[in-house]
Amino acid sequence: MKITIVAGTRPNFVKVSSLIKAIETYTEEDVPITYRLVHTGQHYDDSLSQSFFTDLEIPQPNVNFGVGSGSQAEQTAAIMVHFEQELMEHPADAVVVVGDVNSTMACAIVAKKMNTLLVHVEGGIRSFDMTMPEEINRRVTDSITDLFYTTSIYANENLMREGIDESRIHFVGNVMIDTLLNYLPTFRKPDIIDFESLIDGEYLVLTLHRPSNVDDFSRLKEILNLIEEVGQEVKIVFPVHPRTYNQLKHIELDSKNILFCPPLPYLEFNYLVKHCKGVITDSGGITEETTVLNIPCITLRDTTERPETCLVGTNVLVGSDKEQFKKYLKLMLIGNWKSSSVPELWDGKSGKRIIDHLITFIKNQ
Ligand code: UD1
């Protein structure tokens, strides 16, 4: 049984760590399952790629296409050309794609055209915002996926509404949370904590990388000014994604409280989050992690493809509404936040559920 697992970007690495660990619980005698790990090279900086392989003990990929950056079409096309060659040389019983990035969609199309069983981990989530490249990636991928492993009942409902037969949809929980819970005991204090004398529960964490927030200079500046204005004395640690860094170089900022730093390795970033007062972000994955870590979270987006993080978790959406942002930031600072719980099946065992099910499915085909 040969499975090809695709990863290309930072959040993908967090997800495949869990799947690979689940596969490795089998010995050759139990189940003859082998896998190839394909890295598309969409993310290539050490801080977004290799540091995740190291922290999350992911074996080196069998191949790295090294596609790097480019326009949406250039990146997608380059990944497709490489992946077609890869699958011709190394046919698989199933191709597993995770998440919603360009690598996910590009490899999904290739796998399906080569009549390979296509498996989407984190299928079915929808922001209903077609201006996001990720939403297009999700819809294209799910329109050709054979087997869906989902993180929530909302994802199941979306897929069924789109006409997918229930028998192909499996609600298994969240592999990103498997990794979080697995590595929680080994989170590592980043240097910035001692260097800036940050006190537990008294600083905020900020991340921004969505084109809608960072590609427009005035929007980016407005967000940082608002945080600075309302945040007053509180320190805000801002690990800067390369996309955002490229933009920040062009704007003048007078920030006293925002502490800019390069992207952090997984174990350090999650240490920072676990010990902070609250998080301000436009990432989807981080809203899942703050929900499980019970850390207040403000999302600077109008929509979310992860409604459970708002409905039962610690997340609130403020979009581009300045007044809402200020209101929630003040509540965050005084420590007045809604109570929350952990969504169903986000229990650290999702990777195992997926691999167990997939093995049985392939055997019975
Ligand atoms: C991608 C995903 C996004 C995900 C994010 C996580 C898509 C469409 N977007 O966004 O869903 O949340 O990853 O981080 O797939 N760059 C570097 N070094 C790198 C990678 C990127 O400098 O290792 C710079 C390049 O200038 C590049 C820009 O960042 O043009 C954007 O990178 P790209 O992979 O296109 O999208 P992300 O914004 O990282």
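Start at 1 and go down the list; that is how both ligands and their atoms are numbered.
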Participant: Measure the acute angle between the ring planes of F260 and F238, then classify it against the limits of 30° and 60° as parallel, tilted or perpendicular.
Facilitator: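 Ring orientation, 0 to 90° scale: tilted.
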
Participant: Sequence neighbours left out, what pairs pass ring pair (Phe, Tyr, Trp, His ring centres under 6.0 Å) with at least one residue falling in residues 171-204?
Facilitator: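 Residue pairs passing ring pair (Phe, Tyr, Trp, His ring centres under 6.0 Å), neighbours aside: none found.
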
Participant: Tell me yes or no: between the side chains of T299 and N315, is some donor less than 3.5 Å from an acceptor?
Facilitator: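 Judged by distance alone, the side chains do pair up.
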
Participant: Between the side chains of S49 and H39, is a donor N or O closer than 3.5 angstrom to an acceptor N or O?
Facilitator: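 Short answer, yes.
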
Participant: Tell me, which residues have any heavy atom less than 4.0 Å from some atom of ligand 1?
Facilitator: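 For ligand 1, the contacting residues are R10, P11, Q42, H43, Y44, D45, L48, S69, Q75, V101, N102, P133, E134, H209, H241, P242, R243, N246.
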
Participant: Check the orientation of Y266 and F52. Use parallel for under 30°, tilted for 30 to 60°, and perpendicular for over 60°.
Facilitator: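 Correct class here is perpendicular.
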
Participant: If you measure only the distance, is there a donor-acceptor pair under 3.5 Å linking the side chains of K21 and T25?
Facilitator: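 On atom types as modelled, these side chains do not qualify, holding no pair under 3.5 Å.
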
